[in-house]
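So the structure is just underneath, and the comments pick up after that.
Below, chains carry the letters A, B, ... as their sequence lines are ordered, and counting in each starts from 1.
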There are 2 protein chains.
Amino acid sequence: MSDQTPPRSSYHHGDLRAQLIDAVRDLVETHGPDGFSVAEAARRAGVSSAAPYKHFRDRPALLRAVASEGMDRLRSAMEAARASHPPGSIAAIAAIGQAYVDFARSGPGVFRLVFGLTEGHEEDPHLEEKGFGCFAVVLQAVAAVLGKSLDDPMVQSRAYTLWTCVHGHSFLIIDRKTKGKFEMADEWGFLMQVTASIIGAE
Amino acid sequence: MSDQTPPRSSYHHGDLRAQLIDAVRDLVETHGPDGFSVAEAARRAGVSSAAPYKHFRDRPALLRAVASEGMDRLRSAMEAARASHPPGSIAAIAAIGQAYVDFARSGPGVFRLVFGLTEGHEEDPHLEEKGFGCFAVVLQAVAAVLGKSLDDPMVQSRAYTLWTCVHGHSFLIIDRKTKGKFEMADEWGFLMQVTASIIGAE
DNA sequence: CTTGCAAAGTAAGCACCGCTAACTTAAGTA
DNA sequence: TACTTAAGTTAGCGGTGCTTACTTTGCAAG
């Protein structure tokens, strides 16, 4: 919608790779991860349908690039959220969760792409590591609250449980499973309460 | 793999609709929800590529039928799990969760289809209702434990929180996000603990 | 028993897609 | 300035979703 074929002057595009990623992110958001086509992305970048294959091996590779970029944004958001609250506080953890949910809500397509084991994810350990990097943010915050080390089993367990809740909540929201019957009035309150009840459990 | 074009004698197939759904479930499981093609499903049923459109309006409709059938199986499994434990017990709730996770693990493709807002889900309130029907199973179990009515806000809130955990856990498993770093040793113990800590929270 | 109709199959074909191959343009370096 | 090579191009193959027009068949009314 925004940059529909700005007819370039030079034969070489110059910034195709980045522009393709932008276009794909847009398409994934509007048509879903499987509704996107590399041909359409090429069209948006004002380039022939074969051009993308000079920059990406195949369709999954292009999607993986978008997912990777999404992971980076997610991690940044989580870290920023944590930093905006006192270290070692419950609120810091809840804020990470809020950032996670906000990320999902503001870009369901990319969120589904990031977590979702789409085609050909296997051969990308890079992406997997970034995922663990995100989890590490939660892990650190939980360790700080409990006053234990990162690899303490209790820290791992509590952090994982929290992750499942936030992850599940995010999916239920973007998949509209709560529509009508279950509108969340005070999401921050929900996150705080869940965090407290899971962290404080024995 | 199982029924590859059993060359039928009669012109009319006789059982195409059901056989298509079977084929699609298989394909979704092996190639993912977006990797499936109605042409391939038709091939498996030993029928021309146009035949499916006599039974389903379009591709999404076919997928929706598979999702709907999956919902039914999920609900049955959840109800059976609940029935196999004393009413009003924590274990009954955990068992529902276990059934949910097992369903996801035994059929990730269909699970992703059932929860996942694939193309054209909107125009199917039928499916939506079935989803709430599944949630109702959890709701009843939670109400039984807390000794309150179904529409009590606390029941709703606790049930939803439990749902987010189990839902998130399921997704993290089938998306392999726990691989290596986070193998769950005792899943039943995990579910029991989570249930207890969420149900017992103030 | 025949007839006629609607349901359920077919083949042919359009537009689009992913991807490849062979070619062309242009930018940078020896 | 000549060569190499990255980054574009067009053309085209096979597969896909879906439609159209046609054919076969089961069934129900007369």
Side-chain angles (χ1 to χ4, degrees), chain A residues 3-24 26-28 30-67 109 113 118-121 123, chain B residues 3-24 26-28 30-67 109 113 118-121 123:
Chain A
D3 43 5
Q4 201 85 316
T5 323
R8 67 189 193 281
S9 50
S10 60
Y11 183 87
H12 285 305
H13 185 290
D15 191 32
L16 184 54
R17 189 188 160 94
Q19 210 155 310
L20 277 176
I21 290 183
D22 281 359
V24 168
D26 234 58
L27 287 170
V28 161
T30 56
H31 300 93
D34 45 337
F36 122 93
S37 81
V38 10
E40 175 64 24
R43 220 169 287 130
R44 289 216 182 178
V47 101
S48 84
S49 68
Y53 296 94
K54 297 292 178 179
H55 295 270
F56 302 93
R57 163 182 273 229
D58 52 15
R59 199 187 112 114
L62 183 42
L63 282 175
R64 256 181 281 130
V66 175
L113 202 61
T118 17
E119 356 152 33
H121 85 300
E123 63 254 21
Chain B
D3 44 4
Q4 201 85 316
T5 322
R8 69 189 191 283
S9 50
S10 61
Y11 184 87
H12 284 309
H13 186 290
D15 192 32
L16 184 53
R17 189 187 160 93
Q19 209 156 312
L20 277 176
I21 291 184
D22 282 0
V24 169
D26 232 59
L27 287 169
V28 160
T30 57
H31 300 93
D34 44 337
F36 123 92
S37 82
V38 10
E40 175 64 23
R43 220 169 287 129
R44 290 215 182 179
V47 103
S48 84
S49 68
Y53 296 94
K54 296 292 176 179
H55 295 270
F56 302 94
R57 165 181 270 229
D58 51 15
R59 200 186 112 114
L62 184 41
L63 283 174
R64 255 180 281 131
V66 175
L113 201 62
T118 16
E119 356 151 35
H121 83 302
E123 63 253 22

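Remark: B:A51 pairs with B:L16, B:V47, B:S48 by the side chain to side chain contact (heavy atoms under 4.5 Å, CB included) rule, at least two apart or across chains. The side chain to side chain contact (heavy atoms under 4.5 Å, CB included) check on A:A61 picks up A:F56, A:R57, A:D58, A:R64, with sequence neighbours excluded.
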Using atom names, set out every protein N or O paired with an N or O of nucleotides 15-18 of chain D below 3.5 Å, distance rounded to 0.1 Å.
| unit_1 | atom_1 | unit_2 | atom_2 | d |
| --- | --- | --- | --- | --- |
| D:dT16 | OP2 | B:R43 | NH2 | 2.9 |
| D:dG17 | OP1 | B:V38 | N | 3.1 |
| D:dG17 | OP2 | B:V38 | N | 3.2 |
| D:dG17 | OP2 | B:A39 | N | 3.1 |
| D:dC18 | OP2 | B:Y53 | OH | 3.3 |
| D:dC18 | OP2 | B:R59 | N | 2.7 |

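Taking both residues in full, the closest heavy atoms of B:A23 and B:A41 are given as CB-O, 4.1 Å, listed atom of the first, atom of the second, then distance.
Distance, A:K54 NZ to C:dT25 P: 15 Å, rounded to whole Å. Straight-line distance from the CG atom of A:L62 to the P atom of C:dG18: 10 Å, rounded to whole Å. Taking atom CG of residue A:L16 and atom P of nucleotide C:dA26, one finds them 16 Å apart after rounding to whole Å. Rounded to a whole Å, the CG atom of B:L20 is 9 Å from the P atom of C:dG9.
Here the CZ atom belonging to B:R17 is positioned 9.0 Å from the CG atom belonging to B:L62, to the nearest 0.5 angstrom. Annotation: the span from B:L27 atom CG to B:R43 atom CZ amounts to 9.5 Å, rounded to 0.5 Å.
Ion pair B:D26/B:R44 flagged as a salt bridge, since at least one NZ, NE, NH1 or NH2 atom sits closer than 4.0 Å to an Asp/Glu carboxylate oxygen.
Of the side-chain N and O atoms in A:H55, one or more sit less than 4.0 angstrom from OP1 or OP2 of D:dG8.
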